[in-house]
Each structure stands twice: as structure tokens, then as C-alpha cells.
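Side chains are part of it too, since the values below use all heavy atoms of this structure and drop only hydrogens, waters and symmetry mates.
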Amino acid sequence: MSCKKAQGFLAARDYEVKNQSDAGKERRGPKEALELARSAEKIVVGKGKKVVAFDMKTDPPDDQTLLVHLLGPTGNLRAPTIRRGKTLLVGFSEEAYRQVLGKTTK
């Protein structure tokens, strides 16, 4: 459901998606999730109305804290996950998407 909401948000604002993968087919476990997280400068995690941000340059959390936020109940990286520049956006929260991607509409 959150993937459809994310796709709707992106489509309504005419964002171009350069690379897309199916989380059901391409699973990313803890190791891959941490590698992706460590390559970002900022991580914004949205779940419903709750938004948590991590500054990976000045105050990176420990691996366990990251994994609590990055992994879903299956033990794989939560979907949707978007990388925009040096920012990683995990999960769907309209507030988080507006913060990272902007508020403009078509």
C-alpha cells in the first residue's frame, strides 16, 4: 500500500524515476540496507505520521538503531526506498516526502 501511495505522490508531481526495482523480487537484507545507509549523508524514515531523520555525517546512529528503522517485518529493507542525491528516504510518509522532495504539484 505504501508503494502505491509513494507512486501516486511522485506521479502527481511529475517526478522522473531513473531506476526502479521490485522489492518483492529484489530483496535487500540487513547487510545491503546498512551499505545503502552508510552511503547517504542523510536518512529520512517515514512511517505513517512519524518521521525520523538521521544525519550520517555529524551524528550517525549505530547499526542496530539504523536496522530498526530500515528493515520491515520480513527482515528486508522497507519499501518504498528512494535515493535523491545524498539523501535516503525510507518508507512512506507524505510529510517526509514533502520535506525531501518538495511541495510542488503539477
**Q** Are any of the side-chain nitrogens in Asp63 or Arg38 under 4.0 Å away from the carboxylate oxygens of its partner?
**A** yes
**Q** Just by modelled atom types, is the Leu89 backbone N or O under 3.5 Å from a matching donor or acceptor in the Arg84 side chain?
**A** no
**Q** To the nearest 0.5 Å, what is the distance between OH (Tyr97) and CG (Leu10)?
**A** 6.0 Å
**Q** Work out which heavy atom in Arg78 is nearest to a heavy atom in His69; give both atom names and the distance.
**A** NH1-O, 3.4 Å
**Q** Where do Pro80 and Cys3 come nearest, in terms of heavy atoms and distance?
**A** N-SG, 3.9 Å
**Q** For Phe54, which of Ile43, Leu88, Val44 qualifies under side-chain contact (heavy atoms from CB on, under 4.5 Å)?
**A** Ile43
**Q** Could you go through Lys50 and Glu95, starting from their C-alpha distance and side-chain angles, then the distance that decides it, and tell me whether this counts as side chain to side chain contact (heavy atoms under 4.5 Å, CB included)?
**A** CA-CA 9 Å; Lys50 184 178 177 183; Glu95 179 185 338; over 6 Å; no
**Q** How long is the span from the OG atom in Ser93 to the NZ atom in Lys47, to the nearest 0.5 Å?
**A** 12.0 Å
**Q** Working to the nearest 0.5 angstrom, can you tell me the gap between Phe92 CZ and Thr81 OG1?
**A** 13.0 Å
**Q** Are any non-hydrogen side-chain atoms of Pro60 and Asp55 less than 4.5 angstrom apart?
**A** no
**Q** To the nearest 0.5 Å, tell me how far Thr87 OG1 sits from Lys42 NZ.
**A** 6.0 Å
**Q** Would you check, one step at a time, whether the test side chain to side chain contact (heavy atoms under 4.5 Å, CB included) holds for Leu77 with Leu36?
**A** CA-CA 10 Å; Leu77 181 63; Leu36 186 60; 3.8 Å; yes
**Q** Taking atom types as modelled, is there a side-chain donor on Ser39 or Arg83 under 3.5 Å from an acceptor on the other?
**A** yes
**Q** Give the intermediate values and the outcome of side chain to side chain contact (heavy atoms under 4.5 Å, CB included) for residues Leu66 and Met56.
**A** CA-CA 10 Å; Leu66 273 176; Met56 299 300 287; 3.8 Å; yes
**Q** When rounded to the nearest 0.5 angstrom, what is the spacing between CG in Leu34 and CG in Leu70?
**A** 7.0 Å
